[in-house]
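To start, the structure under review is shown below, and the notes come after it.
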Number of protein chains: 2
Amino acid sequence: MELTARRRKILRAIVEHYIETAEPVGSKAIAKLAGLECSSATIRNDMAALEKMGYLEQPHTSAGRIPSSKGYRIYVNELMEHHKLSIQETERMNESLQLKMRELDRVIDQAGKLVSQFTNYPAFALAEGREQVTIVRYDLLMVNQTSFICVAMTSTNVVKNKLFHLPTDITEPQLQLLNALLNTSFTGKTLAQFSTDLMETARKAAGSSYGLISLVVSFAMDVLQDSEHSAVHTAGARHLLEHPEYQDVEKAHKLMSYLAQDDLGSLFPDSGDGTRVLIGPENVAEELKDTSVVLASYDIGEGMRGVIGVVGPTRMDYAKITAKLSYMADNLSKLFGGSAQLPERAQPKGLKAPEEHSQKEEE
Amino acid sequence: MELTARRRKILRAIVEHYIETAEPVGSKAIAKLAGLECSSATIRNDMAALEKMGYLEQPHTSAGRIPSSKGYRIYVNELMEHHKLSIQETERMNESLQLKMRELDRVIDQAGKLVSQFTNYPAFALAEGREQVTIVRYDLLMVNQTSFICVAMTSTNVVKNKLFHLPTDITEPQLQLLNALLNTSFTGKTLAQFSTDLMETARKAAGSSYGLISLVVSFAMDVLQDSEHSAVHTAGARHLLEHPEYQDVEKAHKLMSYLAQDDLGSLFPDSGDGTRVLIGPENVAEELKDTSVVLASYDIGEGMRGVIGVVGPTRMDYAKITAKLSYMADNLSKLFGGSAQLPERAQPKGLKAPEEHSQKEEE
DNA sequence: ACTTAGCACTTAGGATAGCTGAGTGCTAAA
DNA sequence: TTTAGCACTCAGCTATCCTAAGTGCTAAGT
């Protein structure tokens, strides 16, 4: 049975009406809508056909129809008109992205919060491809005889540091030797490339400073591990309660608990550029079988990609959400500027900086 | 009307029974309880008296009694028996605190999450007294002609850094001059002490490097600001839904939204050492008038204190919660070890470190 | 062959009434 | 002062009815 133009129109109208009202849609309501010049009886026939084809469902005999996940799918793929964001919306989003930002993790966390805030759905944010990160530079700074700071800069231009306290004294020359050794042997290696072999080589070169070097290397590995550990940041789970499908506390609680786990990162397939929609049973996780997920990804640079997304009932305003997410993702891409450097507000506040030095800065 | 021993016993029994079951407690249920050798009629009389005194309330004529906030108060102050944590509980908590920890903010965040996890209530964590933090040391590291890293160490031994990119070239001597200037003029100052006067002095001393210095100073101020900005970390709001008093979605959502704001820090009075309980209307915030808050604070060192706490219905297991919180706070105190240094797992994982250097380390 | 009007049929969910049982307050006796 | 007994109250459960929205089908119209 082919999908006539009218039936497509009807299906679209039903989906949009249902998205708005959350109530099963009857034939009369559709008939009254502009653009459709036929009676409710005609609509009824078409609705019956659409149901037979699997695009609609009927909660019970005497109720209207609601879209099935197949119905939502065709809506998203073919029927949906792309939403244009209003100027206010884009302005609000732009403003929020002007925030003072520092570490990669904080940016990602913040991105999740903003997405949730702008969509009124629970949101999550994560970064992928972190296994490629290496350390490109070490600096050791002497603090006093028994302590020093190690500063390590990663290939993503993130700089991390750590203060070390030692039980024995160290000297400046010792530290310099160590520094040189680190920079020659332990740069440009991914976490996977740190091996016992590497340590053997280092042991020979370092001699008596071996203990020291293993401390620092262990820190370096922590930095990489930290960077690799792609935690998922979730935010705004409470927004679930705003939607009628989660008036059931039990249901809401289940989903919230699921979202609170932190190993959901693997669940969402990489969406390339642009947005992706996973409707109900298209989700692999059992817990998400009757929810939808909308994803967008953006370029962080240095082989890494960020992913932002929202979770909600299948009855979701896909048009609006995809528009918002993709706008957000675009801006995040711009924010990262292709060079893996995190932009930051340049002007010092409180004291004024001379013009000629106001500049992009990173941490 | 004085509070006889029996009435105290009855009150305590009612509170504990209600805490457990969340249902109004009747005279018969109490009479059956061990330790009370009298009939339900006697209990009824006493209950009526306790109600008149304001310790109990009656939801409606033919129901049992529930404790009023005054009732909870006297329970917490005088009647409650202090809960002893089981070995499993303390072990679980100890284990969780062994986590690899880095920055102060992360520790605090993590503390909040753990508290929520162990109590099954929404929890929050924050740090107080951050206005006293100063920068004790600067190091500038040249990366190339147009960029350098600034490393700043605070009085709380937190080390922060930032990568600067400049539009013009700089030289090593320039950087060293700058470095010296920073360390003489801009150390030991709280954020409030950074002033335009200070900048004037610096301008004279720095000469042509003034632009540069203002960039770095602005970073230093950001660090202090960041440190001062005592964000409240909240976690586990979803746990509200587990309690019968929040089966009402509207109510749960309201409270969750309130907890999601980030300016609740000021709401909770400093509790000195030990724990503090705020019952229902004792809370200043309108939104918390029918919830209780349990707080514990711990020493971070350097004039800072951390606060952890949970929020929940007034019907809360105060004995258990205060026990858990105070145990947690004690351990956090120990963790910070009085010297404002964040301990961290000493053993590198993957590569073994020699014994003689395994040591406390901080960032 | 498609569309439409009419009509009988279905059913969720709201309103109403009645019932039950837990719990109370009061009285009077121990 | 305590206790037994008893009449009274009332939330909340159950059963029943009713309504309104929506359907599917049939038959007539285009």
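Naming convention: chains lettered A, B, ... in sequence-line order (proteins, then strands); numbering from 1 in each chain.
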d(CD1, B/Ile30; C1', C/dA22) in whole Å: 15 Å
With a 4.0 Å cut-off on heavy atoms, is B/Ser40 in touch with a base, just the backbone sugar-phosphate, or nothing at all? nothing
Tabulate atom names and distances for all N/O pairs under 3.5 angstrom spanning the protein and nucleotides 25-30 of chain C.
residue : atom : partner : partner atom : Å
C/dG25  : OP1  : B/Arg65 : NH2          : 2.7
C/dG25  : N7   : B/Arg44 : NE           : 3.2
C/dG25  : O6   : B/Arg44 : NH2          : 3.4

On a heavy-atom basis, the closest approach of B/Arg65 and B/Ile14 is O-CG2, 4.2 Å
Quickly work out the A/Met47 CE to D/dA21 C1' distance and round it to whole Å. 12 Å
Is it the case that the side chains of A/Ser86 and A/Gln88 hold a donor-acceptor pair, with the cut-off being a distance below 3.5 Å and no angle test? yes
Minimal non-hydrogen separation, B/Gly54 against B/Ser68, with atom names: O-OG, 2.6 Å
Provide, to the nearest angstrom, the distance between the CG atom belonging to A/Asp46 and the P atom belonging to C/dT3. 7 Å
Could you state the atom-to-atom distance from CD of B/Glu37 to C1' of D/dT2 in whole Å? 14 Å
Starting at the 5' end of DNA chain D, which residue's closest nucleotide do you reach first, B/His60 or B/Cys38? B/Cys38
Do any of residues 10-20 of chain A sit with a heavy atom less than 4.0 Å from DNA chain D, and if so which? none
If you compare every side-chain N and O of A/Ser62 against the phosphate oxygens of C/dC9 (OP1, OP2), does one of them come in below 4.0 Å? no
Nearest-angstrom distance from the residue atom NZ of A/Lys52 to C1' of D/dT23: 14 Å
Classify the angle between the aromatic ring planes of A/His243 and A/Tyr121 as parallel (below 30°), tilted (30 to 60°) or perpendicular (above 60°). parallel
Closest non-hydrogen atom pair, B/Cys38 against B/Ile43: SG-CD1, 3.9 Å
For C/dT4, take OP1 and OP2 only and decide whether either is under 4.0 Å from a side-chain N or O of A/Ser39. yes
Can B/Lys324 and B/Glu89 be counted as an ion pair, charged N to O under 4.0 angstrom? yes
Less than 4.5 Å apart, side chain to side chain, heavy atoms only: is that true for B/Tyr246 and A/Val249? no
I'd like to check A/Ile30 versus A/Ser27 (side-chain heavy atoms, cut-off strictly below 4.5 Å). Are they in contact? no
For residues 309-318 of chain A, which side-chain N or O atoms pair as donor and acceptor with protein atoms under 3.5 Å away, sequence neighbours left out?
residue  : atom : partner  : partner atom : Å
A/Arg315 : NE   : A/Glu245 : OE1          : 3.1
A/Arg315 : NE   : A/Glu245 : OE2          : 3.2
A/Arg315 : NH1  : A/Ile19  : O            : 2.6
A/Arg315 : NH2  : A/Glu245 : OE2          : 2.7
A/Asp317 : OD1  : A/Lys320 : N            : 3.3
A/Tyr318 : OH   : A/Ser292 : OG           : 2.7
A/Tyr318 : OH   : A/Thr314 : O            : 2.5

Just the rounded figure in Å: distance from P of C/dA22 to CD of B/Glu23. 12 Å
Rounded distance in Å - CD (A/Glu57) to P (D/dG22): 18 Å
Taken to the nearest whole Å, CD1/A/Ile43 to P/D/dT23 is 10 Å
